[in-house]
Novice: 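One structure is given below, represented as structure tokens, and several questions about it will come after.
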Number of protein chains: 4
Amino acid sequence: MRKARDGESTKEAVLTAAKQVFAERGFAGSSLAMISKKCGISDGLILHHYKNKQNLYHEVLEDLAKGYLETVFKTGQESHTQEQMIDDVLRATFKFWSEDTIYNRISLWAFLENQTELLEKETNITASLTAVVGQMQMDGKADPRVDPVTLLTMTIGPIHFWTRYRNQFKETLQLDGTIEELNQSFLEQFLILIQKVYQVENKTSTEKESE
Amino acid sequence: MRKARDGESTKEAVLTAAKQVFAERGFAGSSLAMISKKCGISDGLILHHYKNKQNLYHEVLEDLAKGYLETVFKTGQESHTQEQMIDDVLRATFKFWSEDTIYNRISLWAFLENQTELLEKETNITASLTAVVGQMQMDGKADPRVDPVTLLTMTIGPIHFWTRYRNQFKETLQLDGTIEELNQSFLEQFLILIQKVYQVENKTSTEKESE
Amino acid sequence: MRKARDGESTKEAVLTAAKQVFAERGFAGSSLAMISKKCGISDGLILHHYKNKQNLYHEVLEDLAKGYLETVFKTGQESHTQEQMIDDVLRATFKFWSEDTIYNRISLWAFLENQTELLEKETNITASLTAVVGQMQMDGKADPRVDPVTLLTMTIGPIHFWTRYRNQFKETLQLDGTIEELNQSFLEQFLILIQKVYQVENKTSTEKESE
Amino acid sequence: MRKARDGESTKEAVLTAAKQVFAERGFAGSSLAMISKKCGISDGLILHHYKNKQNLYHEVLEDLAKGYLETVFKTGQESHTQEQMIDDVLRATFKFWSEDTIYNRISLWAFLENQTELLEKETNITASLTAVVGQMQMDGKADPRVDPVTLLTMTIGPIHFWTRYRNQFKETLQLDGTIEELNQSFLEQFLILIQKVYQVENKTSTEKESE
DNA sequence: TATGAATGAGGGTTCATTCAT
DNA sequence: GATGAATGAACCCTCATTCAT
């Protein structure tokens with residue numbers, strides 16, 4: 001295989017294989033042999049390009065973080081209104097977490113392995129979203145009674161939870177439809193509920209007061 | 001140390017140590033040596049009691065699952081009303097995920113390692129809660145427009161998310177207070193929001209009816 | 001081979017084999033495989049007993065140093081007069097350096113590899129001998145014009161030099177006799193010369209003065 | 001660096017770097033990477049010029065031997081009298097072993113590694129000096145009772161010994177002065193003592209004459 | 001001449017597991 | 001029940017060497 005003496009392409013092939021293997025078995029559970037075998041090269045060549053197993057892992061995390069940032073942030077910046085932006089970002093986030101199982105899993109592994117790089121990037125995004133939510137609260141477009149970070153936790157938490165348990169749910173609850181269909185259906189319902197979370201309760205309180 | 005020729009107590013000591021080590025580093029990242037060292041016995045003795053590293057892990061998972069089930073279910077069965085039960089279960093769940101970092105982490109590891117035992121138990125609980133939520137919907141006490149499982153995802157998802165990211169949030173957003181205080185504050189706000197999620201939109205229906 | 005489950009004897013067998021291999025090829029040039037093969041055990045067992053290649057080397061050095069100290073010091077303490085002691089120590093030192101090629105070589109390796117343990121022990125001996133030589137100078141039994149350490153260097157240096165080059169000398173100069181015979185002959189001549197080195201030059205100076 | 005497409009200068013740069021690295025860590029302990037890094041070229045280029053690690057080492061040894069021969073022999077040939085020559089050669093030898101730590105160390109490494117090239121060259125020099133000493137004995141200028149090779153061993157041995165242990169001596173015996181000063185002081189004292197070694201025992205001859 | 005991609009062997013070390021005691 | 005001697009496989013990594021460019 002891979003006899004092409006092209007360092008750059010080899011390096012990328014290694015990175016791709018590494019992502020898959022690390023996603024499947026985590027850092028400790030993966031061996032360089034698994035990766036090298038997966039891309040048809042010798043054991044030592046990985047270290048020729050990446051020096052360390054640890055270093056390779058770092059580069060994998062970095063690459064994934066870059067992808068995440070690009071996906072989620074680009075989405076947000078093209079939106080015109082705040083509401084639109086939230087909706088866009090939510091759909092993008094959902095899509096990302098829902099579909100990119102490699103990112104999804106490696107993010108979890110890295111968290112457990114105390115490899116905080118990815119975690120920090122993710123938190124940064126959430127943090128920058130809190131500013132938006134805070135603004136929405138001041139504009140009367142989001143429930144002002146709670147911290148923005150709580151609102152965001154209510155928003156993104158279910159997405160993570162769903163991607164983690166959906167397969168098990170499908171099995172245990174004998175849900176009909178493919179995972180894609182279930183995903184779609186969940187997303188629609190989720191968007192309904194999340195609206196209620198953000199909704200400012202002025203009428204109700206007014207009415208209550210008036211009662 | 002641990003000269004007490006008491007097989008049963010040794011076995012339990014191993015289990016306790018194993019939980020801690022596995023929680024910290026996962027299955028692949030843990031070695032029997034770490035565990036045996038932690039409880040002051042020889043390497044071989046673990047295998048005398050548990051036969052396998054894998055087997056030991058299974059027993060750890062089983063033991064944790066048992067604890068989880070007991071904690072969450074007992075809580076539910078002592079409640080008198082549905083609303084009370086939901087509230088009790090939520091608080092118990094939050095407490096459990098929030099505080100029992102060993103369970104918390106091992107549950108994650110096991111998920112990633114495709115060790116589905118714990119996952120199944122957890123899903124079973126959620127599944128059995130869907131029945132309750134379904135009943136609430138029929139009683140007009142929960143938003144009937146979405147699947148019960150979606151409602152539960154909205155409920156438990158944020159709790160998981162919070163326990164995973166709270167440390168990072170504290171750091172990045174420079175939140176004041178100890179983690180315990182932040183936990184408490186999050187829980188209060190969360191309960192406010194989750195109420196809105198469940199709330200039946202009677203006003204809307206009234207308005208609709210009036211049309 | 002070596003199926004005897006006797007840790008202590010195994011440990012010693014490893015030490016013996018290690019001495020030989022390290023003497024032959026130095027630390028960097030030796031592999032644990034060479035040693036384990038030499039005493040018919042598995043690779044890992046060495047590390048079970050000695051934890052580290054480095055650690056094993058340390059223990060080898062320590063053991064050799066102990067032997068050296070015992071040999072040379074015991075000799076000295078049984079002597080009755082200073083002259084006797086010097087003669088005894090010299091013969092013992094010569095014998096040691098001449099015959100114990102393992103010590104001889106490992107001492108050199110360790111010096112080059114900046115493993116100073118042995119060097120320090122050897123220096124300590126020389127240092128303690130300087131006291132004796134100093135006393136001899138004060139008693140008029142050793143040339144008082146030079147430092148004791150210079151005298152000792154003149155004494156031991158040739159012994160080291162001889163053991164290092166004797167084989168080559170035998171070949172190049174086509175010396176007759178076995179190495180043992182050459183050794184013996186060298187020792188006798190050496191003892192004649194070394195006496196001259198120590199000799200106090202009183203007559204000469206007297207004669208000179210009388211002139 | 002070192003972009004000069006000048007094969008010859010590159011080759012020499014490699015040789016210089018190799019000497020340093022080999023002197024520091026011996027053959028087994030040195031890697032081509034260390035050397036190539038030291039002179040800022042690629043790994044493969046060394047082998048382009050020297051074909052082998054072993055071969056490179058050979059060339060290093062050869063080059064060092066050449067230098068040694070030139071230094072010591074040139075010295076001898078410019079002297080006018082035998083006594084002068086011995087003194088000159090001694091001072092040159094002392095200077096060489098004392099200062100050229102690279103030669104010094106590599107000579108030791110090579111000895112231990114059974115790489116006899118250097119050893120042979122050194123022995124050749126000593127051998128050719130035995131002729132001079134033998135002549136001196138016949139001329140009544142050197143103690144005739146011992147073999148010339150023994151006399152030479154008494155002469156050069158202390159120099160080697162001193163260069164090997166001087167640092168340790170300085171430390172252990174807490175000698176004052178820099179190493180250069182200690183060297184100088186040792187040399188002066190050594191020359192005094194070595195004279196006594198060579199000295200023909202005239203008293204004896206007086207007695208003989210009186211017979 | 002010079003680079004660096006690629007290999008494969010070997011090295012030190014960890015580790016689960018077996019087994020005699 | 002408990003220890004620790006012993007094994008063998010696997011792992012990460014180094015390194016000399018080859019070879020295409």
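Just so it is clear, the values below take in all heavy atoms, side chains as well, and ignore hydrogens, waters and symmetry mates. As the structure is a prediction and not an experimental result, all values here were calculated from the model. Residue numbering restarts at 1 for every chain, and letters A, B, ... go by the order of the sequence lines.
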Novice: To the nearest Å, give me how far apart NZ (D:Lys37) and C1' (E:dT3) are.
Specialist: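 That distance rounds to 18 Å.
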Novice: Please tell me which of C:Gly44 and B:His48 maps to the more 5' nucleotide of DNA chain F, matching each residue to the nucleotide holding its nearest heavy atom.
Specialist: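 It is B:His48 whose nearest nucleotide is closer to the 5' end.
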Novice: Quick one about B:Gln54 and B:Glu59 (side-chain donor to acceptor, distance below 3.5 Å, no hydrogens or angles considered), yes or no?
Specialist: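 Per modelled atom types, B:Glu59 and B:Gln54 side chains form no pair under 3.5 Å.
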Novice: Going by distance alone, is a donor N or O of one side chain under 3.5 Å from an acceptor N or O of the other, for D:Arg164 and C:Ser107?
Specialist: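 Yes, a side-chain donor-acceptor pair sits under 3.5 Å.
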Novice: Looking at A:Glu62, I'd like to know if its CD atom is crowded, meaning that more than 12 non-hydrogen atoms belonging to other residues, nucleotides or ligands lie closer than 6.0 Å.
Specialist: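 It does not: A:Glu62 CD has 12 such atoms or fewer within range.
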Novice: Could you tell me the separation between the CG atom of C:Asp43 and the P atom of E:dG12, rounded to a whole number of Å?
Specialist: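 Answer to the nearest Å: 8 Å.
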Novice: Nearest whole Å is fine: how far is E:dT7 P from A:Ile46 CD1?
Specialist: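 Those two atoms, CD1 and P, are 11 Å apart.
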Novice: Between D:Tyr57 (OH) and F:dT17 (P), how many Å, whole number?
Specialist: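 Computing the D:Tyr57:OH to F:dT17:P distance gives 15 Å.
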Novice: Where does DNA chain F form stems of at least three consecutive Watson-Crick or G-U wobble pairs, each pair having both distances below 3.5 Å?
Specialist: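 Ordered by first number, the stems with DNA chain F (at least 3 consecutive pairs each) read E:2-21 with F:2-21.
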Novice: Tell me: CD1 of A:Ile35 to C1' of F:dC11, nearest whole Å?
Specialist: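 From A:Ile35 CD1 to F:dC11 C1': 12 Å.
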Novice: Mind calculating the distance between OH (D:Tyr50) and C1' (F:dC15) to the nearest angstrom?
Specialist: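 Result: 20 Å.
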Novice: Are the side chains of A:Leu15 and A:Leu56 in contact, using a 4.5 Å heavy-atom criterion?
Specialist: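 A side-chain contact exists here, since the closest heavy-atom pair is under 4.5 Å.
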Novice: For F:dC12, does either OP1 or OP2 sit under 4.0 Å from a side-chain N or O belonging to A:Asn52?
Specialist: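 Answer no for this pair, as no side-chain N or O of A:Asn52 is under 4.0 Å from OP1 or OP2.
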Novice: Closest approach of C:Phe27 and C:Glu113, non-hydrogen atoms and distance?
Specialist: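 Where C:Phe27 meets C:Glu113 most closely, the heavy atoms are N-OE2, 2.8 Å.
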Novice: With a 3.5 Å cut-off and no angle check, do the side chains of A:Tyr103 and A:Glu122 form a donor-acceptor pair?
Specialist: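 Yes - a donor-acceptor pair under 3.5 Å links their side chains.
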Novice: Kindly point out which of E:dT17, F:dA5, F:dC13 is positioned nearest to the side chain of A:Leu47?
Specialist: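 Minimum distance to the A:Leu47 side chain belongs to F:dC13.
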Novice: Between A:Asp6 (CG) and F:dC19 (P), how many Å, whole number?
Specialist: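 Roughly 20 Å, once rounded to whole Å.
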Novice: Using a 4.5 Å cut-off on heavy atoms from C-beta on, say whether the side chain of D:Glu12 contacts that of D:Glu8.
Specialist: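 Counting from C-beta outward, D:Glu8 and D:Glu12 never come under 4.5 Å.
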Novice: Does atom CZ (D:Arg105) have a neighbourhood of more than 12 heavy atoms from anything else shown, all under 6.0 Å?
Specialist: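 It does: D:Arg105 CZ has more than 12 such atoms within range.
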Novice: Roughly how many Å is it from CZ in D:Phe22 to C1' in F:dA16, rounded to a whole number?
Specialist: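 One finds 12 Å between C1' of F:dA16 and CZ of D:Phe22, rounded.
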Novice: For the side chain of B:Ser42, counting heavy atoms from C-beta on, which of E:dA6, F:dA2, F:dT7 is nearest?
Specialist: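 For B:Ser42, the side-chain atoms sit closest to F:dA2.
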Novice: Using heavy atoms to find the nearest nucleotide of DNA chain F for A:Gln54 and C:His49 separately, return the residue whose nucleotide is more 5′.
Specialist: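 Between the two, 5'-proximity favours C:His49.
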Novice: Give, ordered by number, those residues of residues 24-34 of chain D having at least one heavy-atom distance below 4.0 Å to an atom of DNA chain E; if nothing qualifies, reply none.
Specialist: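 Contacting residues: none.
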Novice: Checking D:Lys121 against D:Tyr68: charged group under 6.0 Å from the ring centre and within 45 degrees of the axis?
Specialist: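 D:Lys121 over D:Tyr68 ring: no.
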Novice: Reckon A:Thr10 has a side-chain N or O less than 4.0 Å from the OP1 or OP2 of E:dA6?
Specialist: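 The answer is yes; a side-chain N or O of A:Thr10 sits under 4.0 Å from OP1 or OP2.
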